[in-house]
Q: 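Structure provided below as structure tokens; questions to follow.
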Amino acid sequence: ITKEQDALMKLIVEAYNKHQIPQDVAKKLLQEQYSTEENFLLLTEIATSQVQVLVEFTKNIPGFLSLDHEDQIALLKGSAVEAMFLRSAQVFSRKMPEGHSEVLEERIRKSGISEEFITPLFNFYKSVGELHMVLEEQALLTAITILTPDRPFVKDQPAVERLQEPMVELLKKLCVLQHPQEPQYFARLLGRLTELRTLNHYHAEMLTSWRVNDHKFTPLLCEIWDVQ
Ligand SMILES: CC1(C)[C@H]2CC[C@]1(C)[C@H](OC(=O)c1ccc(O)cc1)C2
């Protein structure tokens, strides 16, 4: 790892650590009762704070704020769902205090989300959990997801590629260092990004099914997903 790569990694990890889901949201997970309505409101709060965390993390990715402003928005809107699933999968499989993940799973299952979405979601969580990613890998993988050049409406794709490229190179080196006995580990990580893209479709279905049942989203979620 070169000096520049080490500096880049420290910046990304620092940004990733700086923005965590507020503790009060996590605490509510255990306190509130279990009605479908209550669960939906909790998930709305979790999703809203995840998007806020995503925006703050993204702003700290070196070079992001120098991109064309409309492209910055296009990248955020295009990656919000994937970044949210990636972060919740990492939180879910790693840092959840004892018993929280079961409670969260229960609330997700009883929040009006159709079963056809629940299965792929928890399969994804399991496949991320099995990787036992270290923090640096989690942070870099999230930054790489956000800096995907071929999102809809991105005008200057090469500029995004120039930011994403060094992160992919750095992640590749990290994987070799962290998992010397597993040469295909880096490929498995990138495979998760492909699986993530399939979740975009399920997520759109989920939003629609909530909306037809007249559930209300927060303004931030409406804005990032162009609903209502
Ligand atoms: C764990 C998850 C990533 C998975 C189940 C809850 C999540 C936080 C997310 O919820 C929403 O997207 C969502 C969108 C709008 C809304 O009002 C509530 C939740 C999907």
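We number each residue from 1, following the sequence as shown. This one's a predicted model, so the numbers in the text were calculated from it and none came from an experiment. Atoms within each ligand, like the ligands themselves, are counted from 1 in listed order. Hydrogens, waters and symmetry mates are skipped; everything else that's a heavy atom, side chains included, is used.
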Q: Give yes or no for whether the N/O distance cutoff of 3.5 Å, strictly under, is met between T44 and ligand 1.
A: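 Yes.
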Q: Any idea which protein heavy atom is nearest atom 12 (O) of ligand 1, and the distance to it?
A: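 In this structure, atom 12 (O) of ligand 1 has H203 NE2, 2.7 Å as its nearest protein heavy atom.
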Q: I'd like to know if the side chain of E130 pairs up with that of Y125 as donor and acceptor (distance under 3.5 Å, no hydrogens or angles considered).
A: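 Per modelled atom types, E130 and Y125 side chains form no pair under 3.5 Å.
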Q: Quickly, which of I144, T142, T148 forms a side chain to side chain contact (heavy atoms under 4.5 Å, CB included) with I146? Name it, please.
A: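 When I144, T142, T148 are each tested with I146, the side chain to side chain contact (heavy atoms under 4.5 Å, CB included) holds only for T142.
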Q: Show the atoms of ligand 1 that are less than 4.0 angstrom away from any heavy atom in S88.
A: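 Heavy-atom distances to S88 below 4.0 Å select 3 (C).
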Q: Any idea which atoms of ligand 1 are less than 4.0 Å away from a heavy-atom of W225?
A: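 Numbered from 1, ligand 1 contributes 12 (O), 14 (C).
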Q: Does Y125 come within less than 4.0 Å of ligand 1, judged by its heavy atoms?
A: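 Yes, Y125 has a heavy atom closer than 4.0 Å to ligand 1.
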Q: I'd like to know whether Q157 forms a side-chain hydrogen bond (donor to acceptor under 3.5 Å, both in side chains) with D150, so could you lay out the CA-CA distance, the side-chain angles of the two residues, the decisive distance to 0.1 Å, and finally the verdict.
A: CA-CA 7 Å; Q157 292 198 11; D150 62 340; over 6 Å; no
Q: Using non-hydrogen atoms of the residue, decide whether M84 is closer than 4.0 angstrom to ligand 1.
A: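 Distance cut 4.0 Å: M84 passes for ligand 1.
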Q: Could you tell me whether E106 and R109 have a side-chain N and a carboxylate O separated by less than 4.0 Å?
A: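 No.
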Q: Salt bridge between E105 and K110, side-chain N to carboxylate O under 4.0 Å?
A: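 Looking at K110 together with E105, the answer is no, because their closest N to O distance does not fall below 4.0 Å.
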Q: Does the gap between the ring centers of F186 and H179 come in under 6.0 Å?
A: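 No.
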Q: Does ligand 1 have an atom under 4.0 Å from some heavy atom of M206?
A: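 Yes.
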Q: Treating Ile, Leu, Val, Met, Phe, Trp and Tyr as nodes and any side-chain heavy-atom pair under 4.5 angstrom as an edge, say whether F64 and F153 lie in one connected cluster.
A: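 Per the 4.5 Å side-chain linkage, F64 and F153 are not co-clustered.
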Q: Mark the output for L207 as yes if a heavy-atom distance to ligand 1 is under 4.0 Å, and as no if none is.
A: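 The answer is yes: ligand 1 sits under 4.0 Å from a heavy atom of L207.
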Q: So, regarding K216 and ligand 1 (criterion: nitrogen or oxygen to nitrogen or oxygen, under 3.5 Å), is there a contact or not?
A: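 Looking only at distances, the answer is no, because the N/O contact criterion of under 3.5 Å is not met.
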Q: Please determine whether a side-chain nitrogen of the Lys or Arg among E182 and R188 lies less than 4.0 Å from a carboxylate oxygen of the Asp or Glu.
A: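 Salt bridge: yes.
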Q: How far is atom 20 (C) of ligand 1 from its nearest protein heavy atom, and which residue and atom name does that atom have?
A: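 Scanning the protein heavy atoms, the shortest distance from atom 20 (C) of ligand 1 goes to F85 CE2, 3.5 Å.
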Q: Mark up the atoms of ligand 1 that fall under 4.0 Å of a heavy atom belonging to F40, in ascending order.
A: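 Numbered from 1, ligand 1 contributes 16 (C), 17 (O).
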Q: Look up atom 15 (C) of ligand 1 and tell me if a protein heavy atom lies less than 4.0 Å from it?
A: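 Yes, there is one.
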Q: Which is it for F117 and ligand 1 at heavy atoms under 4.0 Å: side chain, backbone, both or neither?
A: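 Neither part.
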Q: Counting non-hydrogen protein atoms only, what is the nearest one to atom 8 (C) of ligand 1? Give residue, atom name and distance.
A: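 Answer, as residue, atom name and distance: I46 CG2, 3.8 Å.
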Q: Indicate yes or no: does K18 engage E56 in a salt bridge with an N to O separation below 4.0 Å.
A: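 Salt bridge between K18 and E56, a charged N being under 4.0 Å from a carboxylate O: no.
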